[in-house]
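Report on one structure; see the data block that follows.
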Amino acid sequence: MLISACIIPALARAATTSDAFNAVAEPRRRDILNYLALQERPVGDIVAALEMEQPSVSKHLRVLKDVGLVRARREGRQIVYSVNADAIRPLHEWASTFERLWRHQLLKVKERAEEKMKKV
């Protein structure tokens, strides 16, 4: 049975600039977050390390800042960016749900392999 698009309208996706999950869906933004994870850095360092164009890095940083995943502070003439760990916590907690699932699945595989070894 076909369902008409008129009956069930498409669900609108949250704007990238208002939702942390959508913001990190873009791989280059995840690269930037990974790079900033251990130390705050100016835009120039991010550009050099990730081999991206400066306007692209600035655009991605603006999105990450708008959703609260990174913080910016002025240091002389540079703006230095750092990860906002509190804002990343919901992403981590959500992903942790799946980590428990993966561990459970791996435990099952291990148990099956050990059972097969006992039968040999």
Taking all atoms of both residues into account, what is the closest heavy-atom pair of [X] and [Y], and its distance?
X: A87; Y: L69; value: O-CD2, 3.6 Å
X: F21; Y: P90; value: CZ-O, 4.0 Å
X: R30; Y: A25; value: NH1-O, 3.0 Å
X: R29; Y: N22; value: NH1-O, 4.3 Å
X: A72; Y: K65; value: CB-CE, 3.8 Å

Any side-chain heavy atom of [X] sitting closer than 4.5 Å to one from [Y]?
X: S82; Y: L36; result: no
X: K110; Y: L106; result: no
X: V83; Y: I88; result: yes

Donor + acceptor pair across side chains of [X], [Y] (<3.5 Å):
X: R41; Y: Y35; answer: yes
X: R28; Y: H60; answer: no
X: E93; Y: T97; answer: no

Rounded to the nearest 0.5 Å, what separates atom [atom1] in [X] from atom [atom2] in [Y]?
X: Q105; Y: K108; atom1: CD; atom2: NZ; answer: 5.0 Å
X: D66; Y: D19; atom1: CG; atom2: CG; answer: 12.5 Å
X: S58; Y: I79; atom1: OG; atom2: CD1; answer: 8.5 Å
X: I32; Y: L50; atom1: CD1; atom2: CG; answer: 6.0 Å

>> Quick test of your reading of the model: are R73 and E40 salt-bridged, counting only N-O distances below 4.0 Å?
In response: yes
>> Quick test of your reading of the model: are E115 and K118 salt-bridged, counting only N-O distances below 4.0 Å?
In response: yes
> Can you hop from I46 to V80 via hydrophobic side chains spaced under 4.5 Å?
Replying inline: no
> Under 3.5 Å, side chain of E53 to main-chain N/O of S56, donor-acceptor pair present?
Replying inline: no
> Within the distance-only criterion (no hydrogens, no angle test), does the side chain of N84 pair as donor or acceptor with the backbone N or O of V70 below 3.5 angstrom?
Replying inline: no
> What orientation do F98 and W102 show, parallel under 30°, tilted 30 to 60°, or perpendicular over 60°?
Replying inline: tilted
>> Taking CG in L107 as the centre, count heavy atoms belonging to other residues, nucleotides or ligands within less than 6.0 Å. Is the count above 12?
In response: yes
